A.B. asks: 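The structure is given below, and queries will be raised subsequently.
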Amino acid sequence: MTWLVTGAGGMLGTDLLARLPGDAVAPKRGELDLTDAPAVREALRLHRPGVVLNCAAWTAVDDAETREDEALAVNGTAVAALAEGCAEIGARLVHLSTDYVFDGAGAEPYPEDHPTDPVNAYGRTKLAGERAVLAYERGYVVRTAWLYGAHGPNFVQAMVRLAAERETVDVVDDQTGQPTWTGDLADRVAALAARAASGEAPPGVYHGTSAGRTTWYGLAREVFTLLGLDPARVRPTTSDRFVRPAARPAFSVLGHARWVEAGLEPMRGWREALHAAWPSLRAAVVTEVPAQGNSPGGSPR
């Protein structure tokens, strides 16, 4: 069976492509424009994949506030065209989405069937894509959040660099979520896709995040600890200190009940995953971290 992976050059896509068995087609951005519906249909007819994994997305959350139409073209309209193309050839479609489809006002993990209510433009465009996928009888949506990995910029790598540059780092302690390693998520998505292809995993929504919960402040302290540095150098602050164009959900903890229906276990805890990922993450940051930085400053997250 052939897999087709969009967004394969990104942080998650790189890890996912490395985990797929057999033949995988991974067109680069310049080779396949997802907003060109005829080109997408032609690529699907040419390669006739059994499963399409869509990791491509407009992820500039703040920019989407003033460019929502452009974000929607990628996150919504293009996804709908991809679903239509999959329907033409009978391929299953696994689409990556986000915790931002929820309002973040909860206090308990959001189950997969919880009503959606995005608080920003990015979330609205991702929800449009979800709806297009779920309208297709062979459509799968995997929502994820707080991703970090070795193949793209992310919060964990930012903390490693800031630890080298600053004596103290201010990090928000009023947003709660589940830091998720792209390596673990790639393993789970690949397993889901394989079971989808064999008819063993029902279509619908799955939540692809690590177990447990913490805040950005808690995650930053764990990074400093792994660096062998004093976690007290990380200072808690609140989101109103770092005003952003797009509102962020204050609570992004997702429930994982549906994995059992697919015959798969939920992902491991976020701290265990971070420790497992650490060698590859550390190697990806070339800056050598001294015992102390020499300039105070803050983090935008």
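The first residue in the sequence is number 1, and the count goes up from there. Predicted, not measured: the structure shown is a model, and the values here were computed from it.
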A.B. asks: Measure the CZ-CE distance between Arg221 and Met159 for me, rounded to the nearest 0.5 Å.
C.D. replies: 13.5 Å
A.B. asks: Counting heavy atoms not belonging to Arg29, are there more than 12 under 6.0 Å from its CZ?
C.D. replies: no
A.B. asks: Is it true that Gln178 and Ser252 share a donor-acceptor pair across their side chains at a distance under 3.5 Å?
C.D. replies: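 Looking only at side-chain atoms, Gln178 and Ser252 do not form any donor-acceptor pair under 3.5 Å.
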A.B. asks: Just checking, is any N or O donor in the side chain of Asn75 or Thr125 under 3.5 Å from an acceptor N or O on the other one?
C.D. replies: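 Checked: Asn75/Thr125 side chains pair up, N/O donor to acceptor below 3.5 Å.
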A.B. asks: Please check if the number of heavy atoms outside Asp69 that lie under 6.0 Å from its CG is greater than 12.
C.D. replies: no
A.B. asks: Between Asp15 and Thr182, is there a side-chain donor-acceptor contact under 3.5 Å, judged purely by atom types and distance?
C.D. replies: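 Result is yes, a qualifying pair exists.
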A.B. asks: What distance do Asn120 atom CG and Arg244 atom CZ have between them, rounded to the nearest 0.5 Å?
C.D. replies: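 Spacing of CG (Asn120) from CZ (Arg244) equals 11.0 Å.
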A.B. asks: For Arg131, I'd like to know if atom CZ has over 12 heavy atoms of other residues, nucleotides or ligands within 6.0 Å.
C.D. replies: no
A.B. asks: For the backbone of Val169 and the side chain of Arg235, can you confirm whether one donor and one acceptor N or O come within less than 3.5 Å of each other?
C.D. replies: no
A.B. asks: With ring centroids as reference points, do Trp216 and Phe155 lie under 6.0 angstrom apart?
C.D. replies: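 Yes, the ring of Trp216 comes within the 6.0 Å limit of the ring of Phe155, centre to centre.
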A.B. asks: What I want to check is whether the side chains of Asp23 and Thr2 have a donor and an acceptor closer together than 3.5 Å.
C.D. replies: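 No, no side-chain donor-acceptor contact under 3.5 Å.
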A.B. asks: Quick one: OG on Ser210 to CG on Asp184, what's the gap to the nearest 0.5 Å?
C.D. replies: 5.5 Å
A.B. asks: Check for a donor-acceptor pair, side chain of Asp230 on one end and backbone N or O of Arg233 on the other, with a separation under 3.5 Å.
C.D. replies: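 No, because the side chain of Asp230 does not come within donor-acceptor range (under 3.5 Å) of the backbone of Arg233.
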A.B. asks: Got a sec, which pairs hit salt bridge (charged side-chain N to carboxylate O under 4.0 Å, His left out) with one end in residues 83-108, sequence neighbours left out?
C.D. replies: Arg45-Glu88
A.B. asks: According to ring-ring contact (aromatic ring centres under 6.0 Å, His included), does anything in residues 244-270 pair up with another residue at least two apart or in another chain? List the pairs.
C.D. replies: Tyr206-Trp259
A.B. asks: Phe102 and His114: aromatic ring centres closer than 6.0 Å?
C.D. replies: yes
A.B. asks: Using atom types as modelled and distance alone, determine if a side-chain donor or acceptor of Gln157 lies under 3.5 Å from a backbone N or O of Ala284.
C.D. replies: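 No, Gln157 side chain to Ala284 backbone: no donor-acceptor pair under 3.5 Å.
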A.B. asks: Rounded to the nearest 0.5 Å, how far does CG of Leu82 lie from CG of Leu4?
C.D. replies: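 These two atoms lie 8.0 Å from each other.
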A.B. asks: Rounded at 0.5 Å granularity, tell me how far CG in Leu192 sits from CD in Glu200.
C.D. replies: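 It comes to 11.0 Å.
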A.B. asks: Dump the intermediate steps for side chain to side chain donor-acceptor pair (under 3.5 Å) on Ser239 and Gln175, then the final yes or no.
C.D. replies: CA-CA 8 Å; Ser239 298; Gln175 294 178 26; 3.0 Å; yes
A.B. asks: With a 4.0 Å cut-off, would you call Arg188 and Glu265 a salt bridge?
C.D. replies: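 Salt bridge: no.
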A.B. asks: Has Thr237 got a side-chain atom pairing as donor or acceptor with Asp170's backbone, closer than 3.5 angstrom?
C.D. replies: no
